[in-house]
Number of protein chains: 2
Amino acid sequence: MLVYLNGRYIPKAEALIPVDDRGFLFGDGVYELTRGIRGKLVYEEGHGLMLERGMRELRIGGPEVLTREGLREISERLLTENGLAEGDATVYAQLTRGVAPRLHVFPENTPPTVYMSAAPFSSPLELRRGGVSAITLPDIRWARCDLKTVNLLPNVVAKQRAKEAGAFEAILLRDGAITEGSSTNVFGVIDGELRTYPKSNYILPGVTRDVLIGLARNLDFVVNEAPIFAEEIDRLEELFLSGTTTEVQPITKLDGQPIGDGRPGPVALALLEALYQHLGLEASVAAR
Amino acid sequence: MLVYLNGRYIPKAEALIPVDDRGFLFGDGVYELTRGIRGKLVYEEGHGLMLERGMRELRIGGPEVLTREGLREISERLLTENGLAEGDATVYAQLTRGVAPRLHVFPENTPPTVYMSAAPFSSPLELRRGGVSAITLPDIRWARCDLKTVNLLPNVVAKQRAKEAGAFEAILLRDGAITEGSSTNVFGVIDGELRTYPKSNYILPGVTRDVLIGLARNLDFVVNEAPIFAEEIDRLEELFLSGTTTEVQPITKLDGQPIGDGRPGPVALALLEALYQHLGLEASVAAR
């Protein structure tokens, strides 16, 4: 597999980072995961804007290091060179504040580290159609969850706890409200209304979350960007996750209790179908 | 400079980490910084216990990877081989959850990455004697600040904001109380009583913090492990930082306002002197 590291396309086994990289020492970096379908980046503008925003807010790199156009060009070259230009794939991009002696303050005149890689992706359709279970956990993350940084240890630990509970995802509760999953956004249906936590410092404003809100409105669903409170969980008619690789993933059981009738609901399945059409994927496989 | 990486002593320039190291991708690791004075680790038990606790809580490695004895032996070899066995130095140790394809869940059968390095250290005595300024910032970190992980981006950003404000450190306020600094613990004196935030999930229980509490009690100071509230800041007689390399660092100005009479106070200076004696450093240089 060929990856991109600081301007060079090299075999992954040769992609090595000095121990003084601030990604390794501090988690001082941002990342983005994008879908590449038939050799083209999907939702490239949304993902590019997310990465640009993280770089700007944390002052990591700038247009001289990676532009949206550069992100697209490198991604498409990685897809092509790795034989991924025909099917479905993901592209991972990470920028860190570069290599410098270990001091917390930002180093001066230090070029960022830019790493990108591509991998084949295959959607687990049986999970989408059948639903999965989730658990709830306290959301103990920092107060800038809107930044897509590699400080992901709380997310890692939450996902591991979900796995050990036999669940697909951990859904996080902060101050009595569902914020998001450990690596997904969360939507619920209550009284026929689609709800998801509002964009704020407490969630990642996921690209797929935005796409789904648009698709839901096109389908004449009522969308309310407002919290789902813990007390409302037993009134949920549907619950589902969204994300670049999670797409629309119905949750049919939460903390061991069925959601709605315990099967994927009509809103989730309609949005899964609509998303597949929007992505140009074979829609008929999605929702049956 | 010779460093230690996964069982080998190699030149730092050759110490390279695969891009799939979970330290780089997730900040999924713990670290420790210890002082090495005249070739011996200082407070080795406290630092070793801290590292063991982080490894145990996050399930990174175990005794087969690094024991307290191993930490000491590698440290002392690094000090010796790098010509640091005569003077004052620091030893940095970092363990990550190893190299594995990027998935949040813990990889199975993956050996941790163990990295250690040593560097010369020289205490900035003029700062200790003269005092420095600090700013306050909201403590936006996660709720497990007791773990010494490499998810340090909030600390990095806080330290950078302090630097840009012309200050030495950012002192963090959570729910109206001073918790700690971006890389230090914080002590204050109010009504003659020494106060510091209690050990909890909101602070790192620093080794030097513990040492200073013991030294303060030996000196018959009243120590109260209780928060200093924001409303009490203008009543502070003294304010100082503690840490492995920060030692005892008086803060003489906070957010532009003098603390006490604007000079390092008697409690801080007595503790600095006592710490230097305890470390076996030349005490007479500390407190005059």
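What you see is a predicted model, and the numbers here were worked out from it, not measured in a lab.
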S.K.: Top residue by heavy-atom pair count (under 4.5 Å) with chain B, among L16(A), V105(A), I17(A)?
M.R.: I17(A)

S.K.: Check each atom of E14(A) against the heavy atoms of chain B and say whether the ones under 4.5 Å are side chain, backbone, both or neither.
M.R.: neither

S.K.: Under a 4.5 Å heavy-atom cutoff, which of T113(B), L25(B), V157(B), D139(B) has the most pairs with chain A?
M.R.: L25(B)

S.K.: Can you confirm whether more than 12 heavy atoms, excluding those of D255(B), are under 6.0 Å from its CG atom?
M.R.: yes

S.K.: What part of D20(A) lies closer than 4.5 angstrom to a heavy atom of chain B: side chain, backbone, both or neither?
M.R.: side chain

S.K.: Would you name the heavy atoms of F106(B) and K163(A) that are closest together and state the gap between them?
M.R.: O-NZ, 4.4 Å

S.K.: Do you know which of A119(B), P138(B), P154(B), G27(B) has the most heavy-atom pairs under 4.5 Å to chain A?
M.R.: P154(B)

S.K.: Does some side-chain heavy atom of R22(B) sit less than 4.5 Å from a side-chain heavy atom of V156(A)?
M.R.: yes

S.K.: Roughly how far apart are T96(A) OG1 and L153(B) CG, rounded to 0.5 Å?
M.R.: 11.5 Å

S.K.: How long is the gap from CZ on F26(A) to NZ on K159(B), to the nearest 0.5 Å?
M.R.: 9.5 Å

S.K.: Side chain, backbone, both or neither: which part of R161(B) has a non-hydrogen atom closer than 4.5 Å to chain A?
M.R.: neither

S.K.: Shortest non-hydrogen contact from Y115(B) to F24(A)?
M.R.: CD2-CE2, 4.2 Å

S.K.: Has Q94(B) got a side-chain atom pairing as donor or acceptor with V19(A)'s backbone, closer than 3.5 angstrom?
M.R.: no

S.K.: I'd like to know whether I140(B) forms a side chain to side chain contact (heavy atoms under 4.5 Å, CB included) with N201(A), so could you lay out the CA-CA distance, the side-chain angles of the two residues, the decisive distance to 0.1 Å, and finally the verdict.
M.R.: CA-CA 11 Å; I140(B) 62 168; N201(A) 53 317; over 6 Å; no

S.K.: Minimum heavy-atom separation for S182(B) and H104(A), please, with both atom names.
M.R.: O-NE2, 4.4 Å

S.K.: Counting heavy-atom pairs under 4.5 Å with chain B, which one of L147(A), L5(A), L103(A), D28(A) comes out on top?
M.R.: D28(A)

S.K.: Checking N155(A) against chain B: side chain, backbone, both or neither under 4.5 Å from a heavy atom?
M.R.: both

S.K.: Under 4.5 Å heavy-atom distance to chain B, tell me which part of L58(A) shows up: side chain, backbone, both or neither.
M.R.: side chain

S.K.: On a heavy-atom basis, which atom in N151(A) and which in L152(B) lie closest, and how many Å separate them?
M.R.: OD1-N, 3.2 Å

